[in-house]
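One structure is given here, and the rest of the page talks about it.
Keep in mind that the numbers below use all heavy atoms, side chains included, and drop hydrogens, waters and symmetry copies.
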Amino acid sequence: MTEIQASGPLQDFRQSHFNLTGEIEDLTIKHLSRQPGPLKIVSLKFKADPDSLIFSDVQASMLDASLNMSGKYLNYMADNKGDISLSFDGRMGPELMDWITDNVRPPPWLKLRPLSIRKSHLTYSKQGRHKISATLALQDNLEVVTDVSLVKDTVIVDSLMVKDHLTKVSVTAKKVKQLLDLTFDGTLHESTVSQVAQITPQLSGSIDGKAKISLNLENPFDFSLLGEMKG
């Protein structure tokens, strides 16, 4: 069911005053360009006015992936688009991961595996600050919790925690252009890294300790380490 209340000039809908609410159920969108298959929307509730677009109770699926989502898009009708905030969780299965590998072509060292996404958040600001907070669970009890911000040419990892039966490590980092500062606290095992990245067979064992590290990515030999690392 959809309800519409509107007033204003029809020739320019952006100058109209309106309030639109509605629901969508059991909708299948086929033949999407460059998509791996039909998008199935089980349910979706929305509310729109000239200032904001709000959607909730979204349940959607594609191939063997499913997603639950809610969010808000501010000033979506303006030429200078506004802020976006999303909350989501779901699952990405092997079929979708294979499609991403074949079509998106991620870095060759990255292993894409089926994963579950627990309650996570994404914000996109027109002021140039973007942030994602996510909890990812993979097979073999590997869990990754991350909180990352992007501000122009600066990447800030407010927290990155990795944990399984051998690894428990906490990392923070800040990258400004080619300069990287990070902190490392805990134990990182080779078997954990090999689940998500292609690494050379000569690497084995683990690294543990607590340290602050500064590194110039253009010159890896230009680095400093304060603390203690063992491996």
Side-chain angles (χ1 to χ4, degrees), residues 23-29 32 34-46 53-74 83-125 129-151 155-173 175 186 188-189 191-198:
E23 298 182 22
I24 296 175
E25 293 183 353
D26 298 324
L27 174 66
T28 300
I29 304 176
L32 291 172
R34 297 178 59 83
Q35 301 304 319
L39 172 63
K40 299 179 181 179
I41 300 176
V42 179
S43 65
L44 185 155
K45 296 179 180 179
F46 63 90
L53 171 63
I54 301 172
F55 47 93
S56 61
D57 299 332
V58 180
Q59 298 181 40
S61 65
M62 181 180 288
L63 292 181
D64 56 353
S66 60
L67 179 69
N68 303 308
M69 184 172 60
S70 61
K72 179 185 294 186
Y73 189 3
L74 301 178
D83 299 346
I84 300 173
S85 60
L86 301 175
S87 297
F88 57 94
D89 62 76
R91 182 182 183 278
M92 301 175 68
E95 290 183 35
L96 183 63
M97 289 302 188
D98 288 343
W99 182 87
I100 293 174
T101 300
D102 294 339
N103 292 271
V104 179
R105 300 187 183 278
W109 54 266
L110 180 63
K111 292 182 180 179
L112 294 181
R113 300 180 52 198
L115 58 86
S116 297
I117 306 171
R118 298 173 186 170
K119 204 63 177 179
S120 301
H121 305 278
L122 171 68
T123 58
Y124 179 93
S125 173
R129 183 178 183 90
H130 319 313
K131 186 170 186 176
I132 182 167
S133 302
T135 300
L136 311 177
L138 288 79
Q139 298 173 354
D140 303 322
N141 296 316
L142 174 58
E143 182 177 276
V144 179
V145 182
T146 185
D147 194 345
V148 181
S149 300
L150 290 84
V151 185
V155 180
I156 302 172
V157 181
D158 296 302
S159 66
L160 171 63
M161 293 181 287
V162 182
K163 181 175 66 174
D164 64 9
H165 63 291
L166 290 174
T167 287
K168 185 176 182 180
V169 64
S170 175
V171 175
T172 66
K175 177 182 176 292
L188 179 63
H189 200 275
S191 63
T192 304
V193 179
S194 65
Q195 292 188 57
V196 295
Q198 301 280 1

Could you tell me whether a side-chain N or O of Asp164 sits under 3.5 Å from a main-chain N or O of Asn141, the two making a donor and an acceptor? no
Of Lys72, Lys119, His121, the one forming a side-chain hydrogen bond (donor to acceptor under 3.5 Å, both in side chains) with Ser87 is His121
Test side-chain contact (heavy atoms from CB on, under 4.5 Å) applied to Val148 - qualifying residues, sequence neighbours left out: Ile132, Thr146, Leu150, Val155, Val157
Test side-chain contact (heavy atoms from CB on, under 4.5 Å) on Lys40 and Leu27 and set out the steps. CA-CA 6 Å; Lys40 299 179 181 179; Leu27 174 66; over 6 Å; no
Passing option when Val162 is tested against Val169, Val196, Val171 for side chain to side chain contact (heavy atoms under 4.5 Å, CB included): Val169
Go through the steps for Lys45 and Asp57 under the test salt bridge (Lys or Arg N to Asp or Glu O under 4.0 Å), then give the verdict. CA-CA 6 Å; Lys45 296 179 180 179; Asp57 299 332; 3.4 Å; yes
Mark yes or no for whether Thr167, through its side chain, and His189, through its backbone, hold a donor-acceptor pair below 3.5 Å. yes
Partners passing side-chain contact (heavy atoms from CB on, under 4.5 Å) against Tyr124 (at least two apart in sequence or in another chain): Ile84, His130
Smallest heavy-atom separation, Ser120 atom then Ala134 atom, equals OG-CA, 3.2 Å
Which residues pass the side-chain contact (heavy atoms from CB on, under 4.5 Å) test with Lys131, not counting sequence neighbours? Thr123, Ser133, Asp147, Ser149, Asp158
The side-chain contact (heavy atoms from CB on, under 4.5 Å) partners of Lys111 (sequence neighbours excluded) come to Gln198
Mind checking what makes salt bridge (charged side-chain N to carboxylate O under 4.0 Å, His left out) contact with Arg129, not counting sequence neighbours? none
I'd like a table of donor-acceptor pairs (distance under 3.5 Å, sequence neighbours excluded) in which one partner is a side-chain atom from residues 98-106, with atom names and distances.
unit_1, atom_1, unit_2, atom_2, d
Thr101, OG1, Met97, O, 2.9
Asn103, ND2, Trp99, O, 2.9

